[in-house]
Amino acid sequence: MPYLSPALNVMIAAARKAGRPLSRDFGELENLQISMKGPADFVSNADQRTEKLLIEELSRARPGYSIFAEETGVHDGPDKSHRFIIDPIDGTTNFLHGVPHFAISIALEREGVLVSGVVFNPASNDLFIAERGHGAYLNDKRLRVAARKTIAESLVATGIPFMGRGTDAQRKRSLAEVEAVVSRSPGIRRFGSAALDLAWVAAGRFDAFWERDLNAWDIAAGVLLVREAGGIVTDLDGRDDPLKHGDVLAANEALHPQMLKLLREATPKT
Ligand code: IPD
Ligand code: CA
Ligand code: CA
């Protein structure tokens, strides 16, 4: 059985509670009103309502903690040493298209260190949790990253900048990286939820995942999941703090340096 700290229990309860109306919405997509925040970046009532619910639940249980959430930004609390990082729906585009691959992501930082993480997909009921020093779990099953040692046998996930995201140069770089990986690996996937991509690396479904230009809320919980499942997570320059730089590479110990090298060499020379 996983060890659940009191804070992790609070996070799980909040994710499950917010997941219920979200899966109802998912079943009745046509009733959702969709507004445009920018090209291809739809913000639905569901994002906002889910975030509101999560913040209410988390701050009821931990009133002083600070919160950093995608839709409403920074909520400073008197307790500066604890911070929840929330993405109410990671994979909004999937959600809006009826693709059951999206998740609520909640992480907790203590003194800037990730200590607890939850990634919950209400459509599949997959609950990924991690507690620093106590491992990562999927529905009570302990997780371990995959053991494959070469890119030639690895299933690799990524995210590519889409309409309205990134400059031409950023898109070119991502596509050059994709090309480098597709020519060396048996499979590449772009499933559209960075939080689940990382959770799936933790579960050994994907061998590696990389993406550039993400935000802390996309990856905070997933980074802890991969680390607690025995994987390595850095940014794409090999630095330890992907939340700071927004670029992420996650893989097992053997693959991580190979992927880092391959992606570095793929960057187009300017
Ligand atoms: C997005 C997803 C997607 C990634 C995007 C993110 P959202 O988050 O994680 O996989 O490629 O960069 O913005 O907008 O669905 O919360
Ligand atoms: Ca996101
Ligand atoms: Ca989101």
Side-chain angles (χ1 to χ4, degrees), residues 14-15 18-19 21-22 25-26 29 32 34-55 67-73 84-107 117-123 126 128 156-167 170-171 173-175 177-178 181 188-202 205-206 208-226 233 235-236 242-243 245-250 263:
L22 195 55
D25 286 345
F26 186 64
L29 280 174
L32 286 176
I34 298 156
S35 65
M36 295 276 266
K37 191 163 77 174
D41 190 358
F42 301 102
V43 174
S44 62
N45 283 348
D47 286 275
Q48 281 148 18
R49 211 189 37 219
T50 306
E51 182 161 311
K52 188 161 173 277
L53 237 162
L54 291 170
I55 292 176
I67 293 177
F68 181 42
E70 180 180 11
E71 305 297 332
T72 53
F84 288 117
I85 305 174
I86 302 173
D87 190 338
I89 307 179
D90 186 63
T92 300
T93 309
N94 284 342
F95 177 82
L96 289 171
H97 286 258
V99 176
H101 192 78
F102 56 89
I104 292 170
S105 173
I106 311 170
V118 171
V119 173
F120 177 51
N121 178 349
D126 274 353
F128 297 89
V156 182
T158 189
I160 309 162
F162 44 91
M163 186 175 61
R165 285 282 179 92
T167 60
Q170 284 170 319
R171 240 186 318 278
R173 176 155 74 171
S174 276
L175 292 174
E177 289 171 347
V178 167
V181 175
I188 191 162
R189 299 289 183 268
R190 198 284 188 249
F191 278 6
S193 163
L196 284 172
D197 289 333
L198 286 162
W200 284 32
V201 171
R205 296 173 179 174
F206 292 146
F209 165 66
W210 92 96
E211 185 167 351
R212 293 182 182 274
D213 306 309
L214 290 164
N215 291 291
W217 54 74
D218 300 309
I219 57 175
V223 166
L224 185 64
L225 279 162
V226 174
V233 191
D235 71 5
L236 284 157
L243 264 57
H245 306 282
D247 301 342
V248 70
L249 170 62
L263 295 170

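The structure displayed is predicted, hence computed values, not measured ones. Both ligands and their constituent atoms are indexed starting at 1 by order of listing. Atoms considered below: every heavy atom in the structure, side chains included; atoms not considered: hydrogens, waters and symmetry mates.
Contacts between Ser193 and ligand 1, counted as non-hydrogen atom pairs separated by less than 4.0 Å, involve the backbone only. Neither the backbone nor the side chain of His101 has a heavy atom within less than 4.0 Å of ligand 1. With a 4.0 Å heavy-atom cut-off, ligand 1 is reached by no atom of Asp197. The proximity of Asp90 to ligand 1, defined as any non-hydrogen pair under 4.0 Å, involves the side chain as well as the backbone. Contacts of Asp87 with ligand 1, taken as heavy-atom pairs under 4.0 Å, involve the side chain alone.
Among the atoms of Asp213, none of the N or O lies under 3.5 angstrom from an N or O of ligand 1. Below 3.5 Å of separation, one finds an N or O of Gly192 facing an N or O of ligand 1. An N or O contact shorter than 3.5 Å is missing between Gly159 and ligand 1 by distance. Where the criterion is an N or O separation shorter than 3.5 Å, residue side chain and backbone included, Ile89 meets it with respect to ligand 1. Remark: ligand 1 and Gly91 share an N or O pair separated by less than 3.5 Å (distance only, no angle test).
Checking side-chain atoms of Glu71 against main-chain N and O of Pro88 turns up no donor-acceptor pair under 3.5 Å. Put simply, the side chain of Asp25 never gets that close to the backbone of Ala46: no donor and acceptor are under 3.5 Å apart. Remark: the backbone N or O of Gln170 is not paired with any side-chain donor or acceptor of Arg212 at under 3.5 angstrom. The closest donor-acceptor contact from the side chain of Asp90 to the backbone of Ala103 lies at 3.5 Å or more, if one exists at all. In this structure, Asp235 contributes its side chain and Val248 its backbone to no donor-acceptor pair below 3.5 Å. A donor-acceptor pair is defined here as one N or O able to donate and one able to accept, closer than 3.5 Å; such a pair exists between the side chain of Thr158 and the backbone of Trp210.
Shown in contact with Glu211 at under 4.0 Å from a heavy atom are these atoms of ligand 1, numbered in order with element: 4 (C), 5 (C), 11 (O), 12 (O). Heavy-atom contacts of Ala194 reach the following atoms of ligand 1: 2 (C), 9 (O), 10 (O) (cutoff under 4.0 Å). Close approach to Leu214 involves these atoms of ligand 1, each under 4.0 Å from a residue heavy atom: 12 (O). Counting atoms of ligand 1 from 1 in the listed order, those under 4.0 Å from a heavy atom of Glu70 are 16 (O).
Using modelled atom types, one finds a donor on one side chain and an acceptor on the other under 3.5 Å when comparing Thr72 with Glu51.
Between His101 and Trp200 there is a side-chain heavy-atom pair separated by less than 4.5 Å. Using a 4.5 Å heavy-atom cutoff, the side chains of Leu224 and Val233 are not in contact. Taking the side chain as every heavy atom from C-beta outward, Ile85 and Leu243 approach each other to under 4.5 Å.
The Ca ion (ligand 2) has Asp87 OD2, Asp90 OD1, Asp218 OD1 as its protein N, O or S neighbours under 3.0 Å.
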Determine, step by step, whether Asp47 and Thr92 satisfy the side-chain hydrogen bond (donor to acceptor under 3.5 Å, both in side chains) criterion, reporting the C-alpha distance in whole Å, the side-chain angles of both residues, the deciding distance to 0.1 Å, and the verdict. CA-CA 8 Å; Asp47 286 275; Thr92 300; 3.2 Å; yes
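Of the options Phe191, Phe26, Phe120, a ring-ring contact (aromatic ring centres under 6.0 Å, His included) to Phe102 is made by Phe26 and by none of the others. Checked against Val119 for a side chain to side chain contact (heavy atoms under 4.5 Å, CB included), the options Leu196, Ile104, Asp197 give a single hit: Leu196.
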